[in-house]
Amino acid sequence: MGFFDWLLGSGRALCAGNERRAEAVARVIDAVDPRLGLIGGAHERLCPAVSHALEYADRVAASLPPGVETTPQAWAQSPVLRAFFVRPADLASALSASTDLQDFLASPTGASLDRVCCVIAATRSEQTVLGPALEGEILRQDVEQKTVSFRHFRMFGFAATEEALRQRVADIVLEGLVLAALRENTARQQQGDRLAFAQRLLAGRLQLMEQSRAGLDALECGTYHGRDIERLRGQLDANAAELHRLEAAGTGLEATLAGVIRTLESADSVIHAEPLALYLDAMNVVVPPERADAAEVRLLEFSTATPGASRRVAFLATFPREAVAERKMDWSAGMLML
């Protein structure tokens, strides 16, 4: 969006009469820095970027495959559950071991629910192994095969219905974009502080070296030819140029607002999500889709721009409350705490 677009009020037109967009703009401002609301036209400038982020968040939520009945009894009939969990007992253990799920069921919102919908996310691992496979009519024992496994399960986005869950997923995507904007803003501020400190330090060192150069020449037996001072001046100039580039990009609240808009407009690169279809046999070996024993496992694969974050896969799960074993009090641990 160009300068004249927001100056003439196109952002206001986009948000006018749309309660969800207007509320999202207010939430973004409050989460990043409430003082952004003091900037003239901040809401109008944010609205197109927030609208873009909301549309992307809705697409991500809609791209999740239909919910899967996630109970030990449904394990044998569900390719997704068989791929994620080795046995029905492992599925039951995963549900009962989720602290997030247990906390939700104990909350006022979850206490009254008979059924729960949530997202189950995991890290997908692939490994190449040698195993038996038919090549035509010949059974070979040393064929390279790719196996898939899932670990690091996490459950989130709890809701009463699948529709409410998809809305919660969209909200989570928007929240993730706001967090990314906060990280970028913090990193920019820290970089500016480092450059300013380095500028003062380099200037001080240069001043001391220029003042004491004659004495140092005598100690160095005439080996100095201005190299140290010239190198330090070069470092000072380079640091000053980098600091100038950072300041030219904007400072203070204006820079923060611009960073938020930039992040929201790049939603698909900050949080990347796309449907994933795996075709697996009973041993979680990747096979061609035309194979008779191929089972289609439909998931959503996603990743974030957070440094060190790994790609994750997810599916929508729905299950009755009784499928989750009630959390028991650890009396031994309680006595130790006393």
Side-chain angles (χ1 to χ4, degrees), residues 1-2 5-6 10-12 14-15 18-39 41-64 100 118-121 123 154-159 163-191 249-250 252-276 299-314 316:
M1 183 186 66
D5 290 331
W6 69 259
S10 62
R12 185 180 299 276
L14 281 171
C15 278
N18 191 312
E19 183 178 352
R20 185 188 178 205
R21 289 176 181 172
E23 180 183 351
V25 169
R27 285 169 52 199
V28 169
I29 290 177
D30 289 341
V32 175
D33 191 333
R35 295 177 300 168
L36 291 177
L38 302 176
I39 299 177
H43 288 76
E44 289 78 5
R45 294 165 63 183
L46 268 172
C47 191
V50 169
S51 299
H52 173 76
L54 284 175
E55 291 171 1
Y56 178 71
D58 288 341
R59 289 200 303 272
V60 171
S63 64
L64 276 160
D100 295 322
C118 73
V119 178
I120 298 183
T123 300
R154 186 72 185 270
M155 302 178 191
F156 62 91
F158 307 101
E163 180 182 1
L165 175 57
R166 290 184 187 275
Q167 181 58 59
R168 179 65 189 125
V169 169
D171 290 341
I172 290 172
V173 171
L174 182 61
E175 292 166 4
L177 294 172
V178 172
L179 287 175
L182 286 170
R183 282 193 296 269
E184 179 185 338
N185 182 52
T186 300
R188 185 179 63 254
Q189 291 176 347
Q190 291 175 344
Q191 183 184 12
L253 292 177
E254 277 290 345
T256 299
L257 180 60
V260 172
I261 292 173
R262 185 166 54 250
T263 299
L264 296 179
E265 289 178 340
S266 305
D268 56 343
S269 59
V270 176
I271 299 178
H272 182 69
E274 59 184 2
L276 172 69
L299 305 168
L300 181 73
E301 187 173 43
F302 63 94
S303 63
T304 67
T306 305
S310 59
R311 294 190 66 81
R312 302 271 280 171
V313 292
L316 297 186

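What you see is a predicted model, and the numbers here were worked out from it, not measured in a lab. Both backbone and side-chain heavy atoms feed into the values below; hydrogens, waters and symmetry mates do not.
The neighbour count for Glu175 CD, taken as heavy atoms of other residues, nucleotides or ligands under 6.0 Å away, is above 12. No more than 12 heavy-atom neighbours from other residues, nucleotides or ligands sit within 6.0 angstrom of CZ on Arg154. Crowding of Arg35 atom CZ: a count of heavy atoms from other residues, nucleotides or ligands under 6.0 Å not exceeding 12.
Residues Asp171 and Arg27 have side chains in contact (heavy-atom distance under 4.5 Å, counting atoms from C-beta outward). Looking at heavy atoms from C-beta onward, Leu276 lies out of side-chain contact with Leu300 at the 4.5 angstrom threshold. Ile39 has its side chain within reach of Glu254: a pair of non-hydrogen atoms, C-beta onward, lies under 4.5 Å apart.
A donor-acceptor pair is defined here as one N or O able to donate and one able to accept, closer than 3.5 Å; such a pair exists between the side chain of Arg166 and the backbone of Leu64. Side-chain atoms of Arg311 never come within 3.5 Å of backbone atoms of Ser303 as a donor-acceptor pair (strictly under, hydrogens ignored).
The salt bridge (charged side-chain N to carboxylate O under 4.0 Å, His left out) check on Arg59 picks up nothing, with sequence neighbours excluded. With sequence neighbours excluded, the residues forming a side chain to side chain contact (heavy atoms under 4.5 Å, CB included) with Leu179 are Leu182, Arg183, listed by chain and number.
In this structure, the separation between OH on Tyr56 and OG on Ser266 is 11.5 Å, given to the nearest 0.5 Å. Taking CG of Leu299 as the start and CD1 of Ile120 as the end, the distance is 11.0 Å to the nearest 0.5 Å.
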Report the C-alpha distance between Ile271 and Val60 in whole Å, list the side-chain angles of each, state the deciding distance to 0.1 Å, and finish with yes or no for side-chain contact (heavy atoms from CB on, under 4.5 Å). CA-CA 10 Å; Ile271 299 178; Val60 171; 5.8 Å; no

